[in-house]
Amino acid sequence: MLTTPALLGLTVVSHPLVQHKLAILRDQATPKKIFKELVDEIAMLMAYEATADLALEPAEVITPLETTTGQRVAGKKLTLVPILRAGLGMVEGILKLVPSARVGHIGLYRDHDTLEPVDYYFKVPGDAAEREFFLLDPMLATGGSAASAVASLKRAGAQRIKFLCLVAAPEGVKRLHAAHPDVPIFAASLDRELNANGYILPGLGDAGDRLFGTR
Ligand code: PRP
Ligand code: URA
């Protein structure tokens, strides 16, 4: 179940189960273990929607009774790329749905003072031009991290990229779409705004800290 708010490039996964789980995720009383499980489950449900346009190709299948033609996903394996650290929380859930997906990694953190991304790691499969990428990060705040990660993927040759996040701020959606209009953005929620420290309101706090208990 998808809705398209007025912001260009954004699709909100408005499925009732996603919205129910997101409400629990936002709750400051939700413990780390449940928080991690919910990020996993929401990511899986979002990936179900974001994979709806995957290309298929016919494939012969021999059933116990006869030969028939089934449909298989065409092309190279889908590649998941979490933005470290918090994006890691979304990987396992999507792998339950697409177990054959490859996994790359982009290491980025947001400088506390400037709010601009600082990158420290990059590794994706070599044949990037032939693959479809799902770039993963629970939070799209100023959009600096996402825009920088997409630019890194493109430098490596990637041509088909979707960005999946749980909570997006309008500021982040606008910045990412302005920098990379070819990258569709999927979110479980479009929140109201950023506060003066670049945190999303109402948001869910610091996703990395809540996932890994580093607060
Ligand atoms: C958070 C989040 C995004 C980024 C979003 O990561 O996971 O990567 O901030 O902010 P932006 O849209 O303003 O760039 P953080 O830098 O806190 O690193 P972490 O995942 O290692 O905690
Ligand atoms: N990063 C987070 O983890 N949370 C926010 O609200 C903004 C950036």
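Only this structure's heavy atoms are used, side chains among them; waters, hydrogens and symmetry mates stay out. Both counts, for ligands and for their atoms, begin at 1 and track the order of listing.
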Okay, side chain of [X], backbone of [Y]: is any donor-acceptor separation there less than 3.5 Å?
X    : Y    : value
K162 : A50  : yes
E171 : L194 : yes
R131 : K77  : yes

re atom 14 (O) of ligand 1, the protein heavy-atom contact at minimum distance is S145 OG, 2.6 Å
List the closest protein heavy-atom neighbour of atom 7 (C) of ligand 2: residue, atom name, distance to the nearest 0.1 Å.
G198 O, 3.5 Å
Looking only at the side chains, is there a donor atom on one of [X] and [Y] sitting less than 3.5 Å from an acceptor on the other?
X    : Y    : value
T30  : D27  : no
T142 : R110 : no
Y109 : D119 : no

Any heavy atom of R210 closer to ligand 2 than 4.0 angstrom?
no
Measuring from non-hydrogen atoms of G205 to any atom of ligand 2, is the shortest distance under 4.0 Å?
yes
Just jot down the ligand 1 atoms closer than 4.0 angstrom to any heavy atom of R110, in number order.
10 (O), 11 (P), 13 (O), 14 (O), 16 (O)
Under 4.0 Å from one or more heavy atoms of G144, ligand 1 contributes atoms 12 (O), 14 (O)
Got a sec: does the NZ of K123 have more than 12 other heavy atoms crowding it under 6.0 Å?
no
Do other residues, nucleotides or ligands put more than 12 heavy atoms under 6.0 Å from F122 CZ?
yes
Looking only at distance, does A207 have an N or O less than 3.5 Å from an N or O of ligand 2?
yes
N or O pair under 3.5 Å between I83 and ligand 1
no
Any nitrogen or oxygen of A86 lying under 3.5 Å from a nitrogen or oxygen in ligand 1? Just yes or no.
yes
Check whether any protein heavy atom sits under 4.0 Å from atom 5 (C) of ligand 1.
yes
Kindly identify the option in R210, R85, E171 whose heavy atom sits closest to atom 19 (P) of ligand 1.
R85
Out of G208, G143, G87, P138, whose heavy atom sits nearest atom 12 (O) of ligand 1?
G143
Taking heavy atoms and a distance under 4.0 Å, where does D137 meet ligand 1: side chain, backbone, both or neither?
side chain
